[in-house]
Amino acid sequence: MTQDQDVALSVKNLKTFFYTNKRCNKAVNGVSFDIKKGKTLCIVGESGCGKSVTASTIMQLLPTLSRIEEGEITYHSENGDIRIDQLERNGEKMRSIRGSEIAMIFQDPMTALNPVYTIGFQISESLKYHTDLTRTQYKTRAIELLRDMGISLPESRVDDYPHSYSGGMRQRAMIAMAMSCSPKILIADEPTTALDVTIQAQIFELMDTLKKEHGTAIMLITHDMGVVAELADEVAVMYMGNIVEAGTVDEVLRNPTHPYTRALLASIPVLGKGKHQDITAIPGSTPDPYDRPNGCQFADRCAYRIDACDVMPEETQIGRTHRVMCWRHEEVGANAAE
Amino acid sequence: MLTYVIRRILILIPMALIISFLVYLGLELTPGDAVSHMISPEMMASISAERLDALRVSLGLEQPFIVRYWIWLQGMLQGNFGYSTAGGVAIHAILADRLPATLELSAVALVFSTIFGCVLGVISALKRGSTTDNVLTVTGMLGVSIPEFFFGLVAILIFALKLQWLPVGGRLLPGYDSYWDHLPHVIMPALVLSIMMTAGVMRYARSSMLDALSKEYIKTARSKGLPEWRVNLLHGFRVALTPVIVLIGFRLPVLIGGSVIIEQVFQWPGVGSEFISAVRSQDYPLVMMIALLSVMAVLTASLLVDILTALIDPRVRLDK
Amino acid sequence: MQQNKDVILKLRDLKAHFPVKAGVFKRTVGHVKAVDGVDLDIYRGEVLGVVGESGCGKTTLGKAILRLVESSEGQVIYCSGDEQTDLTTLDNEGLVPYRKKLQIVFQDPHSSLNPAFTIFGSLEDPLKKYGVKSRAERRKIIGDLLEAVNMRPEYMDRYPHEFSGGQRQRIGIARALSIGPELIVCDEAVSALDVSIQAQVLQLLMKLKQEKNLTYVFITHDLSVTEYICDRIAVMYLGRVVELCDSEELYAHTLHPYTKALLSAVPVADLDKQTDRIVLEGDVPSPVNPPSGCPFHPRCQSAIERCKTDVPKLKRYEVDGRDHFASCHLVDLPEAV
Amino acid sequence: MSMTNTTGRKTSRLDRQFDLIRRREEAGQLTNPRGYRFARKFLSNRLAAIGLLIFTIIVLVSVLAPLLTPYDPRAIDLRNILKPPTWAHWFGTDKVGRDLLTRVLYGGQISILVGLGSALASAVVGVLIGCYTGYVGGWRDALAMRVSEIFMSFPQIILVLLLVAILGQSLSNLIIIFILTGWGGIYRLARARMLSLREEEYVQALRSFGLSTPIICYKHILPNALGPIMVNITLSTAAFILAEAGLSFLGLGVPLDIPTWGNILNVAQDLRILENNWWVWLPVGIVISLFVLSVNFIGDGLRDATDPTQQG
């Protein structure tokens, strides 16, 4: 693959395994993708598919009982490439990237902020370690950031504690914290799952503005296909530790080529299609991560299953940007086009 | 914050009243002439039976129970704690004599165990699963399992009787009263008491710290690129501190209990050993007063703990 | 009004206020007006959707119907033929016959089943209470219930942790069905499930509704699901119903500005259907001190002077010959319709 | 089979563990554990298993004391006073020639009875009150809370001694006193668990069926609170055994004519015995410490086994 000029971070054949309870869970089992400058990559999948683990792996924020087994995570910084997977977990080099080059926001703004410190203090912590600002400038900058994020009365709000913020405001404060050092990449791990739709709309609008104004590359993790359709430039669909299908949002949503993607899209009601829309449930449930099928992880629930599916399908490039992991992708794709 | 403190105090007052009432009830039910609790024995010996009756009336003792309680309570608030039946000494004099010794012992143990307990607990939590952690955990377990007096006995045997480095017990020999003279006396009881307490604080600090470290905001702090010491101490320990302080407040009764026995083992002339001799000689007024005093100490400590936690944890402070 | 339909439950000016205590003496300084005057008729055999954002009182409304939270004012009238009973006036004993008619399915598949009991253990006590004396009979009933929710009867001897989220939710439905209710409140019944499982449970609910002639009050924040499953929809904001009409009608002719914003904010998984989003400013105000006048006016982009002072009533409008209720002053303005 | 560690970091102890697990996982040797998760986790905790072993041994030898020793714990033998350990008297003899091993064994019966019995009884009282008032809330809850606060603001030993002074010294009095002073802690624990468990959806489901309060709170909710309660019972057993020993050591616990661990230690207050006759007090002190240690190990093991957040 030729390296695009505008790729901010590339992940190749990444495997992250968890070792809790003396078992080995292959949470992320060989995923590859690029995050491009000024674009949004959505990683979509159900709970337990490994999407959040992928995000934590990039930030090296994994729990103790887990490790990167294989693969490369390369951050293309202005001063050359950095292999994140080879850095020490909480070493100096990794810390200098976290927060300043790559920032992250989390799913639940209620628990992601430390309850005993003011919002201003928590924002200034980032500034302290990644900028040359002086102590007095921290507060001005924090107020500025909060104002940018659309928090009213930032001058007084900056000295408030998280519990006096509403959920939406906390997520804004989280974004302010993440954006404080103008990172090149923003990883958002289900940033609106805990929020209401009207607040979700506010947060997405804010993220869209940031992407346009700062050229930030965004990796957005979500389980909601609607969010993908509205925000993504590119999509990667994950199932049980693999990216089963990836491509631009047009390719994946208009012409889904993996049976899982197709089934997923067919199983969700779409607003505005009325009461008589056709909905097909996916049979069965996701397999036990400790008792996975040998081959294709989706095989047991798949309408297209054949004997070949007992072997893990290879990743096939079916367009310049569109790739899929399925033995029968041609037939699936043909059906979709009908 | 002010509302919070006032609220805490207002909760405390009825508690203190109920407990003092119970203590008075106990006093009334135990054998002994009520007058003898209230006037000095010399006076008692020197007056006639008629005068005694007159005195009863003037002290209000023929009045209903609740009024007697009220009179007694007023006396208490003015520092009139009554008289010991055994020695006939005024209780406030006994307390004035014994309290400093107990406070000295408890203060040393409290400070020592808080600092060392927290430090060791945090180290143990940060190195979870390592050899250091395992050694500290088992040591802590031993610390809370060995009876304190047994620990004290072994210490006396080794350091006082065999090695003869330190005195067996007591606080001050007559004639020696500079601070340095009594330092050797305080070392053993204070250390024995502290080590018991330290083990408890350490175990608690460890689990509280582990709890704090598993929180989501620790991940947030790391994601900002903060150095580990800052993540662990400013984000982890600061939050873990609240339950530890609450625990130390709760452990005050344990400290008082421990000091009662330790004072006895080391013949330390504090309130605790006085209490035991009062129980042995069934000196009810003294027993009751010391019990009341210890409850008041616990209540005051719990108030202080509440205020302290409110100061370090904005959630507590701003909640109400 | 739709007189011809058979009403099963009438809510009349239902209010659920919870005291807020503060200050030195913990005096009541205000009330959380979780549900603040709701009038609703629920018809036999329909699926009534109750939608709104968190804190709008939809869950409290559902629980107030079942008396899982006590309402502070108003009536919940159960109708059967000519018999009408106000459930809020009954004591625990008197309520028992009605408990049988009304049941609830919960949101969280992890906390909705008792982890210490097998499925049989969890489900048998209600049956005992409602007169199934023999154990064999109870096992038979529970086995049949599990089959009805597409599970194997022998699963009744397993513990909840052996099941996936979707399976637990189906067990929760089986439990609600166990004593043969007429109306089931589904409190965010599919919200916590993965999307691929959601559809299974939704289709199961629809199947059961047909088979057992059930009525659902379907409480959710997910408008896409509501549209798919509900016959009528009530939109709630700060404890009140702001719009109520047939499901298709709501999407076709939205009257209330809040509903409009809500609908536009939902991300749609269809690239061809992207609409312009109406992004509301600010947060939902606190239900302790709701704004004066129309509770929505501080966030409403087309609010007029009148909205700040007058509380709009839920009024009936007729759009294309169908009933449509909304509480908004703007709808009364001539240019609005 | 060689593991490829492409990340190029140095391998640690943890890495080697991971390699082993992964190798076994891929070889299909690891299956989802069967049987009681709780028992498995408890026994895989080495300290807890050791604790259980020591606990069982001490309890057994105490209960079987009449079969194990030929002596009477109260038989005075003035020809054998303060004899150091011999084959005839493994732990030696005391001031009046009683066999110390026999006294330790018989003493164990009483000490364990006092410790375990008071812990169980105060747990029953605390759980009965805590579960009910915690579930129903309201004035009952407030009342129970106030009462427990009053009991708990007395330092335990002070309250115990106070009651000893009033009620007098006897074995049954001691147990009653321990229950009075001990119920508060477990009551609070049970209440706190109830406060969070009563919000669970399965509880609301039971309420929506109109089941009665005792059935809901004792039959359905209580089993879910048993984990922490069990842990608390072990911890309070340890505490009561220590308290009995302490009180008896002071001569204020169980009357001195009944052998208990604390009563045996009582003589060590005499400095001459402390210095010259170690066998009189050292073995029994070690037995108390071992027993309490074993109970604490069991408690810790229970806590880890019942805590779902624990991994490893």
Side-chain angles (χ1 to χ4, degrees), chain B residues 11 14-16 18-19 22-23 26 29-30 129 134 137-138 141-142 144-151 153-154 156-157 160-162 168-169 203 207 211 214 250 252-258 260-261 264-265 272 275-276 278-280 282-284 287-288 290-291 294-299 302, chain D residues 13-14 47 51 146-147 149-150 152-166 168 185 235 238-239 241-247 249-252 261-262 265 268-269 271 274-276 278 281-282 284-286 288-297 299-300 303 309-310 312:
Chain B
I11 290 177
M15 282 282 290
I18 291 174
I19 288 168
L22 288 176
V23 166
L29 293 178
T30 48
N134 290 337
T137 306
V138 174
M141 198 74 99
L142 273 170
V144 295
S145 302
I146 300 174
E148 56 248 60
F149 62 89
F150 182 63
F151 204 60
L153 291 177
V154 174
I156 289 178
L157 179 70
L161 298 175
K162 297 288 178 201
V168 169
R203 280 161 55 80
S207 70
D211 190 46
S214 69
F250 272 139
L252 196 79
V254 181
L255 176 70
I256 293 175
V260 167
I261 293 183
Q264 185 69 16
V265 171
F275 184 62
I276 286 173
V279 171
R280 283 198 177 127
Q282 307 207 313
D283 184 349
Y284 296 113
V287 168
M288 294 296 181
I290 294 178
S294 69
V295 174
M296 292 309 148
V298 171
L299 289 182
S302 73
Chain D
R13 191 175 61 111
L14 215 52
L47 293 180
R146 287 291 99 75
V147 173
E149 268 169 13
I150 289 172
M152 289 182 80
S153 55
F154 283 91
Q156 187 179 29
I157 194 156
I158 301 278
L159 185 54
V160 169
L161 288 175
L162 187 71
L163 293 171
V164 165
I166 296 171
L235 296 182
I241 287 185
L242 287 177
E244 184 276 324
L247 286 172
F249 169 74
L250 297 175
L252 293 168
W261 288 339
L265 271 165
Q269 287 194 47
L271 284 184
L274 183 66
E275 189 170 9
N276 303 322
W278 58 268
W281 56 274
L282 194 63
V284 66
I286 292 174
I288 298 178
S289 306
L290 257 184
F291 188 75
V292 174
L293 188 68
S294 76
V295 172
N296 279 328
F297 278 154
D300 253 29
R303 166 163 39 221
T309 60
Q310 285 275 337

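So you know, we letter chains A, B, ... as the sequences are listed, proteins then strands, and number each from 1.
D/Leu159 does not touch chain B: none of its heavy atoms, backbone or side chain, sits under 4.5 Å away. Of the atoms belonging to B/Met141, heavy atoms from both backbone and side chain fall under 4.5 Å from chain D. Contact annotation for B/Val287: both backbone and side-chain heavy atoms come within less than 4.5 Å of a heavy atom of chain D. Both the backbone and the side chain of B/Leu142 come within less than 4.5 Å of a heavy atom of chain D. Using a 4.5 Å cut-off between heavy atoms, D/Ala238 makes no contact with chain B at all. When heavy atoms are compared at a cutoff of 4.5 Å, D/Leu252 approaches chain B solely by way of its side chain, counted from C-beta outward. If you measure heavy-atom distances from D/Phe297 to chain B, the contacts under 4.5 Å come from both the backbone and the side chain. Both the backbone and the side chain of B/Leu153 come within contact range of chain D, judged by heavy atoms closer than 4.5 Å.
Just one of D/Leu290, D/Asn296, D/Ile241 meets the side-chain contact (heavy atoms from CB on, under 4.5 Å) condition when paired with B/Ser145; it is D/Asn296.
Taking each heavy atom of B/Phe150 and D/Ile286 in turn, the nearest pair found is CZ-N, 3.8 Å. Annotation for B/Ser294 and D/Ile158: closest pair OG-CG2, 3.7 Å, computed over non-hydrogen atoms. When every heavy atom of D/Gly246 is checked against every heavy atom of B/Ile261, the shortest pair comes out as CA-CD1, 3.8 Å.
Note on D/Ile157, D/Leu247, D/Asp300, D/Leu293: by heavy-atom pairs under 4.5 Å with chain B, the leading option is D/Leu293. Interface remark: of the candidates B/Pro147, B/Ser214, B/Gly129, B/Pro147 forms the most heavy-atom pairs closer than 4.5 Å to chain D.
Between D/Phe249 and B/Phe149, the ring-plane angle classifies as parallel under the 30° and 60° cut-offs.
Taking CE of D/Met152 as the reference point, atom OG of B/Ser302 lies at 11.5 Å (rounded to 0.5 Å). The CD1 atom of D/Ile288 sits 11.0 Å away from atom CD1 of B/Ile146, with the distance rounded to the nearest 0.5 Å. How far CD1 of D/Ile150 is from CE of B/Met15: 5.5 Å, rounded to the nearest 0.5 Å.
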Exercise for the section: Verify side chain to side chain contact (heavy atoms under 4.5 Å, CB included) between B/Leu157 and D/Trp281, making sure each step is shown before the conclusion. Expected result: CA-CA 12 Å; B/Leu157 179 70; D/Trp281 56 274; 3.7 Å; yes
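Residues B/Ile18 and D/Arg146 have side chains not in contact (no heavy-atom distance under 4.5 Å, counting atoms from C-beta outward).
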